[in-house]
Asks: 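Submitted below is the structure of interest, expressed as structure tokens.
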2 protein chains.
Amino acid sequence: MELQDGRDKFIQSWGTLGSNWGINRTMAQIHALLLIAPEPLCAMDIKEKLTISMGNTNMNIRQLMDWGLVYKKLKSGERKEFFVAEKDMWEVIKKIVIQRKKKELEPVLKILDEISAVDGHCHDSDEFCKVIKDIKLFSNKADSLLDTLIKADSNWFTKSFINMIK
Amino acid sequence: MELQDGRDKFIQSWGTLGSNWGINRTMAQIHALLLIAPEPLCAMDIKEKLTISMGNTNMNIRQLMDWGLVYKKLKSGERKEFFVAEKDMWEVIKKIVIQRKKKELEPVLKILDEISAVDGHCHDSDEFCKVIKDIKLFSNKADSLLDTLIKADSNWFTKSFINMIK
DNA sequence: AGTAACTTTCAGTAACTTTTGAAAGTAAAA
DNA sequence: TTTTACTTTCAAAAGTTACTGAAAGTTACT
């Protein structure tokens, strides 16, 4: 496969995969484009390479910056803004984990706390409370595990991983 | 909070949370309803409790069974089918992990393999290949880690977890 | 075989999400 | 201060996904 084909395929595929991940297609494509771009790109470059609208380009660059996956990079002598992607994959993973935890796990913890306030007086409520308690147990574990991961370095991941499977 | 309020809140919330998880609202609500149901329920019970259509009920029960989160339970003397949820939370988590791995991770591995066929001849392609290689490294690790998790028992999770954070 | 009880399918519709493009906003340069 | 080069916003359009209801299919009792 030729380099350019590989790049195109990566950008297209990343977009499709993104949707399976709850990330919108354009956001994932911009991320892919910047990840493999040898030079910083400006909004116009991105708009043209992906043939998308300005508004779409801007919104998604902004969101990638909010996630910490893309940074602004000013070139001296140039007025417009350029963008680069975070290239350290371990950082990328951590940034994504932070967002997914926020979106997927934290609301669960919040709801479970609210529901735990159910009075446990009869047999039926004991059963209900047990289900909630079990879910809470695993959610809390997952929460601490992810917190540890977010603080850890790449090396730790490899090491713990080896411990885990042996 | 009263028991019935707690149940209603759980079902409603689980539906909302489901959508943040890439699971559709109805599927999540049916799952919640069955999780806390003291008795097996039939399709009609579910349809009525959630005030949704037959078709919707049927499709989502089916998908929950495909995922292994809900089982058919025949009552002797009754012709219609009843359903119960898997109540062991560790099993529930594993079943969900299996599905998410299939949807989110496996397509990534597939694409990366295809892209790895890019010829590495010049400086630019080296850079491109490095990005792909890095992603592949972490994806493969995540893949094995999840495989281990899927095979493990609940106890292992707790133990490894303690090892991991210390 | 006929009928009744229940389950499944599917085309059309509704609800939600993403994208566009034009207009408004901002700030450096003339 | 005006122009110019760029960025941001937002309402409407396009695209996507979920839901309904009616019709077709299945099974099991008479």
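We name chains A, B, ... by the order of the sequence lines, and we start the count at 1 in each one.
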Asks: Report the C-alpha distance between A:E104 and A:R100 in whole Å, list the side-chain angles of each, state the deciding distance to 0.1 Å, and finish with yes or no for salt bridge (Lys or Arg N to Asp or Glu O under 4.0 Å).
Replies: CA-CA 6 Å; A:E104 300 184 15; A:R100 296 195 76 160; 3.1 Å; yes
Asks: Mind running a 4.0 Å heavy-atom check of residues 25-40 of chain A against DNA chain D and sending the residues that fall below it, in number order?
Replies: none
Asks: Which word best sums up how the rings of B:W14 and B:W21 line up, parallel for under 30°, tilted for 30 to 60°, or perpendicular for over 60°?
Replies: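 Judged by the thresholds at 30° and 60°, the geometry between B:W14 and B:W21 is tilted.
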Asks: When you look at A:K133 and A:L112, which way does the side chain to side chain contact (heavy atoms under 4.5 Å, CB included) test go after all the steps?
Replies: CA-CA 8 Å; A:K133 219 187 75 204; A:L112 289 174; over 6 Å; no
Asks: Assess the residue pair A:F83 and A:V70 against the criterion (side chain to side chain contact (heavy atoms under 4.5 Å, CB included)); give the C-alpha distance rounded to whole Å, side-chain angles, the decisive distance to 0.1 Å, and a yes or no.
Replies: CA-CA 7 Å; A:F83 302 96; A:V70 162; 4.0 Å; yes
Asks: Compute whether any side-chain donor of one residue and acceptor of the other, for B:K136 and B:S116, lie under 3.5 angstrom apart.
Replies: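 Yes, B:S116 and B:K136 have a side-chain donor paired with an acceptor closer than 3.5 Å.
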Asks: What does the inter-axis angle of the helix from C:dA1-D:dT30 to C:dA30-D:dT1 come out as, five pairs per end, nearest 10 degrees?
Replies: 0°
Asks: Begin with the C-alpha distance, continue with both residues' side-chain angles, and end with the deciding distance and a verdict on side chain to side chain contact (heavy atoms under 4.5 Å, CB included) for A:I61 and A:L34.
Replies: CA-CA 10 Å; A:I61 290 175; A:L34 287 171; 5.8 Å; no
Asks: So, A:Q4 and A:D8: side-chain donor and acceptor under 3.5 Å apart, yes or no?
Replies: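 The answer is yes; a qualifying pair exists.
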Asks: Hey, what do you get for CZ (A:R25) to CD (A:Q12), rounding to the nearest 0.5 Å?
Replies: 7.5 Å
Asks: Quick one: side-chain hydrogen bond (donor to acceptor under 3.5 Å, both in side chains) partners of A:K75, sequence neighbours excluded?
Replies: none
Asks: Specify the residues of residues 48-65 of chain B, ordered by number, for which at least one heavy atom lies under 4.0 angstrom from an atom of DNA chain D.
Replies: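 Nucleic-acid contacts, sorted: B:I52, B:S53, B:G55, B:N56.
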Asks: With heavy atoms of chain B within less than 4.0 Å as the criterion, where does contact along DNA chain D begin and end?
Replies: D:dA18 to D:dA28
Asks: Tabulated below should be each protein N or O lying under 3.5 Å from an N or O of nucleotides 26-30 of chain C; please produce it.
Replies:
| from | atom 1 | to | atom 2 | distance (Å) |
| --- | --- | --- | --- | --- |
| C:dA27 | N3 | A:R79 | NH2 | 3.4 |

Asks: Any side-chain to backbone donor/acceptor pair from B:T51 onto B:K47? Under 3.5 Å, distance only.
Replies: no
Asks: Could you go through the side chain to side chain contact (heavy atoms under 4.5 Å, CB included) check for A:K130 and A:D134 one step at a time?
Replies: CA-CA 6 Å; A:K130 182 172 181 325; A:D134 280 357; 2.9 Å; yes
